[in-house]
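Reviewing the structure listed below.
All residue numbers refer to positions in the sequence shown, counting from 1. For the numbers below, each heavy atom of this structure counts, side chains included, while hydrogens, waters and symmetry mates do not.
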Amino acid sequence: MLFNSLEFLLLFVPLCVCSFYFVARYSQKAALINLVIFSLIFYSVWNPYYLTLLVSSICINYVLGGLLQKHQSKLLLAFAVSANLLSIAYFKYLDFLIGTSNSLFETDFVLQHVILPLGISFFTFQQISYVIECYRGEIKERDFKSYALFVSFFPQLIAGPIVRFQEISHQFLDKAFGQVNWSKILIGLIIFSIGLSKKVFLADDIAAQATPIFAKADAGQTLTFLEAWFGSISYSFQIYFDFSAYSDMAIGLGLMLGLTLPVNFLSPYKATNIIDFWRTWHITLSRFLRDYLYFPLGGNREGKSRRYINLMIVMLLGGLWHGASWNFVIWGGIHGAYLMVNHGVRLLSAKRGKPFIGNSAVNIAITFALVTLAWVFFRAETLDGALHMAHVMITPPDWEHFSSKMILLPKMAYILLPCAVVTWLMPNSIQIMEALEKRIQNPEQFNIRIPTALAAFGFSMCVYFIFAGVYSEFIYFQF
């Protein structure tokens, strides 16, 4: 079930929210179970067969977590983590490994065409963090209902954020859980509507510009300099608003149910360097990779050269996490190289006693250009297509030929300018949410009807366009 589908917007969410608060009037435990049931229904709509996988994973990891709480066994922890990783390896990477083996070693193993379960990378990573923290003694609670909701909570089940048990479990036990808080519900509706509007009016609209250009590159057709940059910048904005939209909608849904999810997206295109980009893009994934991969590898504690090696390993595996394709690995490697250079420049600047700052607008533009170039490998279906497009983008154009194609510039400006304005000149959803939280407490000084009316209008227009068939799956649903 898609967040931007009519059945979700007009049926599932109203039923879920209303039933949750109705049941909570009589029992908080029943309200918690109610959310678990709705979350499982949400997942089963996609494929009832894989509901068994999700439930089995929840039960097995809950038992393993309990054993690790009682017995801090490294062997048991290794088994728990390995079992979770093997489940991802089978469903997500089996055909990738078979295809790679057939190419490198001329074997003829048959591809299995295993269907990738929705959200497996996200709910598996959450459970890996759970068993590790049980082993470390950081989790003391033993409540199956809370654990089941922690894993299956539908706003973050399919595409994150990757939540840690301690971040949300205490909210289930709070006395306020299930009590109607109209301020939270209203803010949640506004943030949800902002996210839905981003998806419908920005991400899906600009996808129509990026898709044909990447298809042309994948088909082996020649691209011009302007075409390549137009396609790649369009995709940069598409994935930006697509993931931003999902992150907003997840937070909004949580607030409607009285729950606060961690921030996962914080204006990453305003970053002035690649380090800051990764601190603001998919924040919870970056945190997971840092805490459970980078630090165990040694982080920066074993010398500068080892730090760079660790950074590259983390980014290569982070790229592979996004999908079973060498293009994703290359994308991760590019960002690994970016981070190595970024840290190197900072180190040299610190030694000189003159921190490298530069003009912030220029740094933002350079960072955006580097990220955009890397997105080519993330988006292209074939390696040849990605290499061709990237080559055209970094090759100085033939200016005589370039001038004949400048007719494309007005179209580029018309399409890209609204995205640029929203990205760099407007406040992000977290800033809007924080402002609303402060001002909604003083209704005599702040007219809440204006943002409410705007959100209602945006939601209504989105429903109209979705009803007309203008909607698509979120990009991160594929991972």
Side-chain angles (χ1 to χ4, degrees), residues 61 64-65 68 71-89 92-93 97 121-122 124-139 160-167 262 264 268 271 273-323 326 328-352 355-356 367 370-371 374 479:
N61 279 284
L64 289 171
L68 286 165
H71 311 286
Q72 292 182 315
S73 165
K74 288 185 178 180
L75 184 62
L76 181 59
L77 176 63
F79 170 77
V81 173
S82 299
N84 279 289
L85 291 176
L86 283 172
S87 70
I88 295 181
K92 194 167 184 176
Y93 302 108
L97 294 172
S121 299
F122 291 92
T124 302
F125 270 24
Q126 286 198 181
Q127 296 188 99
I128 288 175
S129 74
Y130 176 80
V131 296
I132 290 175
E133 287 163 6
C134 283
Y135 167 79
R136 292 174 177 172
E138 297 173 7
I139 296 176
I162 299 172
V163 182
R164 292 183 178 175
F165 186 72
Q166 302 98 308
E167 289 178 317
N264 203 30
N273 56 67
I274 296 296
I275 296 172
D276 288 342
F277 171 80
W278 279 107
R279 287 174 178 164
T280 50
W281 177 281
H282 212 326
I283 298 169
T284 57
L285 174 63
S286 298
R287 180 183 64 177
F288 181 94
L289 294 174
R290 180 197 66 195
D291 293 351
Y292 301 118
L293 185 56
Y294 180 69
F295 287 161
L297 285 171
N300 58 1
R301 299 188 303 273
E302 298 181 15
K304 297 180 180 63
S305 59
R306 182 54 190 249
R307 175 193 200 177
Y308 295 138
I309 293 171
N310 292 341
L311 278 172
M312 181 58 75
I313 291 172
V314 168
M315 294 311 298
L316 288 171
L317 292 175
L320 186 61
W321 174 87
H322 282 84
W326 286 111
F328 289 114
V329 178
I330 294 170
W331 171 78
I334 291 171
H335 273 278
Y338 287 166
L339 288 170
M340 291 167 66
V341 171
N342 202 162
H343 280 287
V345 169
R346 283 192 171 186
L347 181 63
L348 290 173
S349 299
K351 284 183 177 180
R352 292 173 55 198
F356 180 77
T367 302
L370 292 172
V371 170
F479 309 136

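- Of all the heavy atoms in Asn273 and Asn342, the pair that sits closest is CB-OD1, 3.2 Å.
- Counting heavy atoms from C-beta outward, Ile274 and Val341 have side chains that stay 4.5 Å or more apart.
- In this model, no donor atom of one side chain and acceptor atom of the other lie less than 3.5 Å apart for Thr124 and Asn84.
- Residues Pro262 and Pro161 come closest through the heavy atom pair O-CG, 3.6 Å.
- Note that CG of Asn310 is 10.5 Å distant from CE of Met340, once rounded to the nearest 0.5 Å.
- Put simply, OH on Tyr93 and CG on Leu320 are 4.5 Å apart, with the number rounded to the nearest 0.5 Å.
- With contacts defined as side-chain heavy-atom distances shorter than 4.5 Å, the pair Tyr294/Leu311 qualifies.
- For the atom pair CZ of Arg164 and CD of Glu167, the computed distance is 6.5 Å after rounding to the nearest 0.5 Å.
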Query raised in the report: Is there a side-chain contact (heavy atoms from CB on, under 4.5 Å) between Arg346 and Ile275 once you walk through the steps?
Result: CA-CA 10 Å; Arg346 283 192 171 186; Ile275 296 172; 3.8 Å; yes
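- Environment of CZ in Phe79: sparse, with no more than 12 heavy atoms of neighbouring residues, nucleotides or ligands closer than 6.0 Å.
- Applying the side chain to side chain contact (heavy atoms under 4.5 Å, CB included) test between Tyr130 and each of Leu68, Val163, Leu64, Ile139 identifies Ile139 as the sole match.
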Would you be so kind as to tabulate the donor-acceptor pairs closer than 3.5 Å made by side chains of residues 328-338, with sequence neighbours excluded?
from: His335; atom 1: ND1; to: Trp278; atom 2: NE1; distance (Å): 3.0
from: Tyr338; atom 1: OH; to: Leu370; atom 2: O; distance (Å): 2.9

**Report entry** Residue pair Val314, Arg290: steps toward the side-chain contact (heavy atoms from CB on, under 4.5 Å) verdict
**Finding:** CA-CA 8 Å; Val314 168; Arg290 180 197 66 195; over 6 Å; no
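- The shortest side-chain heavy-atom distance between Phe125 and Ile88 falls under the 4.5 Å cut-off.
- Between Ser286 and Trp281, every side-chain heavy-atom pair lies at or beyond the 4.5 Å cut-off.
- Heavy-atom minimum distance, Arg287 versus Ile162: NH2-O, 3.2 Å.
- Using a 4.5 Å cut-off on side-chain heavy atoms (C-beta onward), Tyr292 and Ile128 make no contact.
- Atom CG of Leu76 and atom NE2 of His71 lie 8.5 Å apart (nearest 0.5 Å).
- A heavy-atom distance below 4.5 Å is not found between the side chains of Asn300 and His343.
- The backbone N or O of Gln72 lies less than 3.5 Å from no partner atom in the side chain of Arg136, so there is not a single donor-acceptor pair.
- The SG atom of Cys134 sits 11.0 Å away from the CD atom of Gln127 when rounded to the nearest 0.5 Å.
- The distance from atom CD1 of Ile132 to atom CG of Asp291, rounded to the nearest 0.5 Å, is 9.5 Å.
- The aromatic rings of Trp321 and Phe122 sit perpendicular to each other, their planes meeting at more than 60°, with 30° as the lower class boundary.
- Within the 4.5 Å cutoff, the side chain of Gln126 has no heavy atoms near those of the Phe288 side chain.
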